[in-house]
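Single-structure report; data block below.
Note that ligands are numbered from 1 as they come in the structure, with each ligand's atoms numbered from 1 the same way. Given the structure is predicted, the values throughout are model-derived calculations rather than measurements.
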Amino acid sequence: MKKFFVFCSVLLVSCCLMAQTKEKKVLIIGIDGCKPDVLLYANTPHIDRLVKGGAYSFNAKTDPISSSGICWTGMLTGVWHEKHNVTTNSYKNPNIENYPHFFNRIKEHNDKLKTYSVVNWAPIHKIIRKGEADIVESYKPDEKVANRVAELIEKKRSDVIFVQLDDVDHAGHAHNYSLQSEQYVQSVEKADSLVGVMVSAIKRRKDVEQEDWHIIVTTDHGGSNFGHGKDIPTHTTIFYVINGPDVQKGEILEPVNVVDVAVTALSVMGLEIKEAWNLDGEVKGVNSNE
Ligand SMILES: [Zn+2]
């Protein structure tokens, strides 16, 4: 009996250790110019599944200067434009010394972790410095982005991946950011199918059982009348979805902001968010690491 007890204890401790040593992984998928109301209206089974099992807000906020460069930089640095200093899509003088891309903090934490950024709209990469990312690539159209990401997920060691899809924003500029625009709605449905391509690749990883994947799906801004950039709700209201083992399932009732994305990703990866970093974002929808 005593032997059996010892055996059970060893088994229990081993199980706990195994649970603790699961590797944390983050996949962030940003769909440029994807309005929350249209996402809710469109037929998007893959994102719906992530929402159902995850934490979400369809009333999150992006930067008041609701243009792509400003908002993506806020998402990826965890601070508003007053700090990161990107105020136009020309990315003049970004303050990346003080507010670097969150990959920088991942690498500082553990330089063995692999960071990949694969996008359609290449200017996003202007804030990535040497040594911060293992893969920095851009492709057009979105299918190529998604297929490349699926390939990386399935075949490579992957820890933190950022993906940007851009074709929904093109549809918004060309056909209007509206429920009434068939082309815009269809572009959101297409982006959803590409989310499915990338998320399903996770299941094909050979070590997936030893990994804890968190998936964030979000956007940089909304739009109206074939454009965006203003500080008005149709432009600044965005959605945020996080799915993974540590999420607090259901609607996130506290305010969610674009700057929360990087901070949440850092926390999921096991980093303690340091006060000295002076970040504006907070951990949202997932148990904080502190
Ligand atoms: Zn954009």
Side-chain angles (χ1 to χ4, degrees), residues 28-39 42 44 47 57-81 84-92 94 101-102 117-128 136-146 149 162-178 181 183-192 194-195 216-241 256-262 281:
I28 302 172
I29 304 171
I31 306 171
D32 205 299
C34 183
K35 282 181 75 187
D37 59 327
V38 179
L39 179 61
T44 53
I47 298 173
S57 170
F58 290 95
N59 196 27
K61 284 287 160 204
T62 196
D63 200 285
I65 310 174
S66 57
S67 294
S68 300
I70 294 91
C71 302
W72 290 122
T73 305
M75 184 186 295
L76 296 168
T77 59
V79 296
W80 299 109
H81 72 260
H84 65 59
N85 205 37
V86 172
T87 53
T88 68
N89 283 347
S90 67
Y91 281 79
K92 242 178 161 178
H101 192 292
F102 81 100
S117 184
V118 185
V119 305
N120 181 324
W121 193 62
I124 290 178
H125 289 150
K126 287 187 178 175
I127 61 162
I128 296 183
V136 178
E137 295 173 350
S138 61
Y139 301 94
K140 289 178 192 301
D142 286 348
E143 280 97 333
K144 283 193 183 166
V145 175
V149 171
F162 171 74
V163 188
Q164 180 255 5
L165 304 177
D166 205 32
D167 293 340
V168 169
D169 193 54
H170 295 169
H173 283 296
H175 305 288
N176 209 356
Y177 297 77
S178 160
S181 163
Q183 293 93 333
Y184 182 67
V185 173
Q186 276 171 5
S187 75
V188 172
E189 293 174 349
K190 179 71 199 283
D192 177 72
L194 299 178
V195 168
I216 297 175
V217 186
T218 185
T219 182
D220 56 338
H221 53 72
S224 66
N225 295 320
F226 308 93
H228 55 87
K230 293 183 185 159
D231 184 11
I232 53 174
T234 46
H235 294 190
T236 59
T237 307
I238 60 170
F239 67 92
Y240 170 88
V241 181
V256 177
N257 294 297
V258 72
V259 292
D260 296 335
V261 174

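Ring geometry, His221 versus His228: the interplanar angle falls under 30°, so the pair is classed parallel (tilted spans 30 to 60°).
Among residues two or more places apart in sequence or in another chain, the ring pair (Phe, Tyr, Trp, His ring centres under 6.0 Å) test is passed with Tyr184 by Tyr177. Not counting sequence neighbours, the partners of His125 by the side-chain hydrogen bond (donor to acceptor under 3.5 Å, both in side chains) test are Ser117.
Trp72 and Phe162 have their aromatic ring centers within a separation under 6.0 angstrom.
Cys71 lies apart from the Zn ion (ligand 1) in this respect, since none of its N, O or S atoms is found at a distance under 2.8 Å. For residue Ser68, an N/O/S atom approaches the Zn ion (ligand 1) to within less than 2.8 Å. At least one N/O/S atom of Asp220, from backbone or side chain, sits under 2.8 Å from the Zn ion (ligand 1).
In this structure, OD1 of Asp32 and NE2 of His221 enclose an angle of 110° at the Zn ion (ligand 1), rounded to 10°.
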